[in-house]
There are 2 protein chains.
Amino acid sequence: MGKRDTEVTGAESPVQFSVDRSSPVPLYFQLAQQLESAIENGRLAPGSLLGNEIELAGRLGLSRPTVRQAIQSLVDKGLLVRRRGIGTQVVHSQVRRPLELSSLYDDLEAAGQKPATRVLRHTTTPADAEVAAALGVAEGAEVVLVERLRLTHGEPVAHLRNHLPAGLLRLETADLEETGLYRLMRSAGITLHSARQAVGAKSATAEEGERLGEAEGAPLLTMQRTTFDDTGRAVEFGTHVYRASRYAFEFQLLVRP
Amino acid sequence: MGKRDTEVTGAESPVQFSVDRSSPVPLYFQLAQQLESAIENGRLAPGSLLGNEIELAGRLGLSRPTVRQAIQSLVDKGLLVRRRGIGTQVVHSQVRRPLELSSLYDDLEAAGQKPATRVLRHTTTPADAEVAAALGVAEGAEVVLVERLRLTHGEPVAHLRNHLPAGLLRLETADLEETGLYRLMRSAGITLHSARQAVGAKSATAEEGERLGEAEGAPLLTMQRTTFDDTGRAVEFGTHVYRASRYAFEFQLLVRP
DNA sequence: GAGGTCACATTGTCCGGACATTGGCCGGAG
DNA sequence: CTCCGGCCAATGTCCGGACAATGTGACCTC
């Protein structure tokens with residue numbers, strides 16, 4: 001019950017949308033999802049107009065604010081562009097997902113690389129000045145230190161060194177071997193909010209080369225990251241080193257209007 | 001005329017807001033700006049509640065949707081966090097600007113580095129397969145090629161190699177020496193929309209070392225970027241190389257909820 | 001005293017309407 | 001033929017209200 005159908009661009013490929021008022025999913029979200037999938041499937045051709053908001057609302061039995069909210073969420077994602085006096089059209093560029101706060105583990109898994117993790121160290125240690133500043137704890141305070149080697153197909157990809165505030169969550173070495181740190185934090189009820197990153201490059205020292213299977217002096221990609229939860233608390237400080245021959249950061253970014 | 005004042009957190013430091021209905025600036029935007037500056041100045045303490053939307057609207061003489069729009073824009077920026085049943089509070093982390101589609105020129109200028117540019121090449125050339133694919137033109141089609149050396153304090157920082165579709169804009173070598181490419185494109189009426197980037201590392205070849213003032217084999221940071229305007233057209237394809245000893249990418253990213 | 005239950009506060013969702021602003025189209029004037 | 005002005009379509013802004021969903025805290029019961 002409570003369904004309404006409609007279409008846009010009545011020309012060649014009429015795309016149908018419908019909302020279910022009995023669903024607990026917000027109406028604007030239902031519409032946004034359907035629009036997004038229609039765009040990804042190509043049922044909504046790139047560059048095509050979306051039809052004016054008022055009529056679209058009328059056909060769906062929704063109000064204009066609700067339709068606008070759905071459209072706006074896709075504009076924020078970069079899938080649509082609004083032009084006053086013209087209409088709303090589908091952006092026709094290869095939009096990958098914009099830069100997310102993703103873990104290396106998820107990145108590799110999404111690429112079908114079957115990541116594996118070897119935990120090299122998992123202890124507590126006094127925070128040095130750098131770690132203390134990043135995590136917002138006193139210098140010398142005990143923090144959790146995790147050092148991991150991330151591999152794909154048995155080959156090392158990166159060396160990950162992370163510091164976490166003590167008592168933030170119960171970390172099990174076995175879990176660390178199984179999945180990524182971010183997933184463990186999320187499933188512990190921590191809401192990741194933002195991160196500050198710095199990406200650079202360096203030459204491998206003898207020790208780093210040994211660890212990663214590269215020659216001394218080989219180019220390495222470095223990343224330092226501090227992650228905050230939604231209360232502003234620093235929940236993680238990481239210093240990571242990637243083999244440049246095996247990994248590069250790829251991402252899409254949008255211009256904030 | 002048409003001003004209304006109010007405050008939040010009537011406790012110690014009453015923060016005043018006011019909107020000017022005679023201004024052409026949207027009301028929600030006025031409020032958002034005032035909230036943002038209050039947060040940056042610390043007049044709105046990190047972690048403090050913002051007071052409920054209905055009362056805030058009433059005091060300002062605005063409707064709740066308008067107030068919500070202002071708050072929402074700051075939530076999107078990562079400055080505020082909403083919690084249903086609780087209220088809206090100020091995030092208390094050092095929020096720098098999130099990753100923007102900025103040019104190296106702007107980055108350096110913002111850091112007070114007084115960037116200089118030396119144009120090494122500025123011609124047209126047939127597109128090879130890689131450039132043609134990135135720009136969406138036919139292989140062999142004529143495209144504009146610009147090679148620049150970016151310096152600060154007389155020292156090279158990066159070597160920038162850019163390809164642009166022919167006829168996109170009139171590029172003057174003199175302008176390129178004066179400012180960044182993105183600024184020139186924007187002032188030519190091009191609306192930058194999104195970019196796809198890949199960041200990696202490599203060792204300097206003899207030629208690269210020569211150009212950048214580094215030894216052969218020195219670590220370099222590489223970036224490839226394709227930029228699109230709001231119609232989805234590729235407007236620029238760049239292959240850049242940075243001295244790792246002088247430059248690193250720093251940015252903040254937000255979790256998309 | 002401990003536990004659960006209920007009221008309250010606050011944000012989330014949604015509606016229907018009104019007017020302003022902008023960009024393109026078309027017709028008329030020069 | 002060109003240029004200018006006005007009309008039209010579409011999004012932008014704003015209002016006032018209504019009900020739902022969700023944490024918090026106090027109250028009540030056991």
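In the text below, chain A, chain B and the rest are named by the order of the sequence lines, each starting its count at 1. FYI, side chains are in, hydrogens and waters are out, and symmetry mates aren't considered; it's all heavy atoms of this structure.
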Base, sugar-phosphate or nothing for A:P26? Non-hydrogen atoms, less than 4.0 Å. sugar-phosphate
So, the side chain of [X] versus the backbone of [Y]: is there a donor-acceptor pair under 3.5 Å, distance only?
X	Y	value
A:Q89	A:L50	no
B:E250	A:Q197	no
A:D175	A:E178	no

Residues forming a side chain to side chain contact (heavy atoms under 4.5 Å, CB included) with B:S23, sequence neighbours excluded: B:D20, B:V25, B:Q30
Closer to the 5' end of DNA chain C via nearest nucleotide, is it B:I54 or A:T66? B:I54
Ranking B:Q69 and A:P24 by the position along DNA chain D of their nearest nucleotide, the one closer to 5' is B:Q69
Side-chain ion pair, A:E53 and A:R82, N-O less than 4.0 Å: yes
What's the spacing between B:I190 CD1 and B:M185 CE if we round to 0.5 Å? 4.5 Å
Outermost contacting nts on DNA chain C, any atom under 4.0 Å from chain B heavy atoms, listed 5' then 3', are C:dA9 to C:dT13
Would you mind reading off the distance between [X] atom [atom1] and [N] atom [atom2], rounded to a whole angstrom?
X	N	atom1	atom2	result
B:R64	D:dA18	CZ	C1'	10 Å
A:L80	D:dG12	CG	P	11 Å
A:F29	D:dA21	CZ	P	17 Å
A:R21	D:dA20	CZ	C1'	13 Å
A:L49	D:dT11	CG	P	8 Å

Do you see a donor-acceptor pair shorter than 3.5 Å between the side chains of A:T117 and A:E177? no
Protein and nucleotides 3-10 of chain D: nitrogen or oxygen contacts under 3.5 angstrom:
residue, atom, partner, partner atom, Å
D:dA10, OP2, A:N52, ND2, 3.2

Less than 4.5 Å apart, side chain to side chain, heavy atoms only: is that true for B:E40 and B:L79? no
For atom CZ of B:F29, decide whether the heavy atoms of other residues, nucleotides or ligands shown that lie under 6.0 angstrom number more than 12. no
